[in-house]
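Positions are given from 1 along the sequence. Whatever order the structure lists them in is the order used to number ligands and atoms, beginning at 1.
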Amino acid sequence: MTQPQAVNRQTFDQVILPIFSPAEFIPVKGEGSRVWDQQGKEYIDFAGGIAVLALGHCHPALVSAVREQSEKLWHVSNIFTNEQTLRLAQKLINATFADRAFFVNSGSEANEAAFKLARRYAITQYNPYKTKIIAFKQAFHGRTLFTVSVGGQAKYADGFGPKPADIIHVPFNDLAAVKAVIDENTCAVVLEPIQGEGGITAATMEFMQGVRKLCDENNALLIFDEVQSGMGRTGKLFSYMHYDVVPDILTTAKALGGGFPISAMITTKDIAQTMEVGAHGTTYGGNPLACAVGNAAFDIINTDEVLNGVQQRHDLFVSHLNKLNDKYNIFAEIRGMGLLIGAELKGQLFNRSKDVMQACAVEGLMMLNAGPNVLRFTPSLIISEEEINSGMIKLEAAIGKLLS
Ligand SMILES: *Cc1c(COP(=O)(O)O)cnc(C)c1O
C-alpha cells in the first residue's frame, strides 16, 4: 500500500477547479463552535459552514443518527421509498403550511424543482404562456443555469450562454416595482424573506403582505427560498412565520441536515398534484442516510429551547457589534434577524470584508462575508455565550490590527 501524500493549501491550487479561494488553513476537526486546523490551532466558528451547521460541529445526536443509519440502510433510490424520508416529510408538513414534500441534495436543486413546479402548475392550470417568473435584484437562488438566472446577480449568471427565458428582476422591498410587472402571464414571484448572499436584507412586512396580495390577484404562486433563512435561523422554524404571510412553495436546505447534504421543496396538495409520475426526479434525493440526519436535526431545532435561544444570542452578537462600532466607527449598519446577522462596513474597512476574514483567521476566528462590504454572522444556533464572547475578542483583535 502506498502512503497517502501530505496535502496542504498549495495542493488546492493543483487539484481543484479554481472557482474558490479558500482560507490558508485547513480545518480537520470540529466540536460545537470550535474547530482545529492541521497544525492544531483552535478557531471559533462564526460562519457555521454558511448557515449549515445549525447545531454546530459533530453534535452527538447527529453523530448517532449517522452511525445508526449507516449500519442499516444508506440508499435505495426512489424506485423504493424508505421510513426516514416519510418521517421527515411528515415533520415538515406538520410544522408548516405544506402537505407535500420533495427531497433533493442542495439548495439549488430544491429551487430548480420549485421553479419547474411553478411553471408546470401555471401551464397545466391556465395556459402555455403563463411562464413569467418575477425575482429580485441581489437575490441568490443557486448555481444551476435556471436558478442562477432567477438569482439577481449578473456576476454569477453571465458568461454561460443563453439563459432560461421569461425571468424578470425588480428591486427588493419595492412593491410598486412588482405591481408594474406582474400580470396574468406571471407564474410565480420568488423571494428570500431575508436576502442572504445579497447582503442580509430582510423583507418588510408591507412588502411581504403586498406581494402575497398581488400574487393572489394574478393567480401567480409565491415561492419563498428559505434555504438560508429557514430551519430556526431567525428564531422561528421558517422566517415566513414572522410575517403572517404563507407561501405556495417553500424551499429549505443548508441547516436541514445540520451539515449533511439534504434539501427539500414543500408545497400544497393542490399544486403538487400537477406533477405526475416521472415529471421530475432525483437519484439521491430523500435517501435514508441524509433523512436520518435531517430527522435528528429537526427534532432538536424545532423545540422552544433552541428557537427561543436564537433571539438571546442575536442580542448578544448585536450588543458586541455595537460596542465595536462605538469604539472603531466601522459599521454603517448592523442588520438581520436571529442568527443571520450582517454588519455593513464603512470608512477604512469599506469593501474590505475579505481582509477582515483573513485577519480573523490569523486570530483564530472563522468569519464569513455577504459580498465585499458586509460581514456575515451565521453561527450554530446553540453557540455558547462563552464562544460568542471569545470570538468577539478575536474579531476585535483582527479589526484593531487592520486599522493600525
Ligand atoms: C445557499 C443558497 C442557495 C443554494 O444552495 P446550494 O446548496 O449551494 O445549491 C439557494 N438559495 C439561498 C437563499 C441560499 O442561501
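Under a 4.0 Å criterion applied to the non-hydrogen atoms of Glu192, ligand 1 contributes the atoms 13 (C). Listed by atom number, the atoms of ligand 1 under 4.0 Å from Asn111 heavy atoms are 10 (C), 11 (N). For ligand 1, the atoms sitting less than 4.0 Å from at least one non-hydrogen atom of Gln228 are 15 (O), numbered in the order shown with element in parentheses. Applying the 4.0 Å criterion to heavy atoms of Gly142 picks out, from ligand 1, the atoms 4 (C), 10 (C). Each of the following atoms of ligand 1 lies closer than 4.0 Å to a heavy atom of His141: 10 (C), 11 (N). For ligand 1, the atoms lying closer than 4.0 Å to a non-hydrogen atom of Ser106 are 7 (O), 9 (O). Every atom of ligand 1 is numbered from 1 in the order shown, and the set under 4.0 Å from a heavy atom of Asp225 is 10 (C), 11 (N), 12 (C), 13 (C).
Closest protein heavy atom to atom 8 (O) of ligand 1: Ser108 OG, 4.4 Å. Of the protein's non-hydrogen atoms, the one nearest atom 7 (O) of ligand 1 is Gly107 N, 2.8 Å.
Of all the heavy atoms of Lys254, the ones lying under 4.0 Å from any atom of ligand 1 belong exclusively to the side chain.
Using a 4.0 Å cut-off between charged nitrogen and carboxylate oxygen, Asp248 and Arg212 count as a salt-bridge pair. In summary, Glu385 and Arg313 do not engage in a salt bridge, as defined by a charged side-chain N under 4.0 Å from a carboxylate O.
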Item to check | ring pair (Phe, Tyr, Trp, His ring centres under 6.0 Å) between His141 and Phe146, intermediate numbers included | outcome: CA-CA 9 Å; His141 300 299; Phe146 196 178; over 10 Å; no

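Among Ile249, Val245, Thr252, Val246, the single residue meeting the side-chain contact (heavy atoms from CB on, under 4.5 Å) criterion with Phe224 is Val245.
Listed here is the closest heavy atom pair of Ile182 and Leu214: CD1-O, 3.7 Å.
Within a 6.0 Å radius of CD in Glu31, no more than 12 heavy atoms belonging to other residues, nucleotides or ligands are found.
Ring centroids of Phe207 and Phe136 are separated by less than 6.0 Å, placing the two rings close together.
Figure legend: cation-pi geometry between Arg9 and Phe25 absent, as NZ or CZ is not positioned both under 6.0 Å from the six-membered ring centre and within 45° of its axis.
Between Phe140 and ligand 1, at least one pair of N/O atoms sits closer than 3.5 Å.
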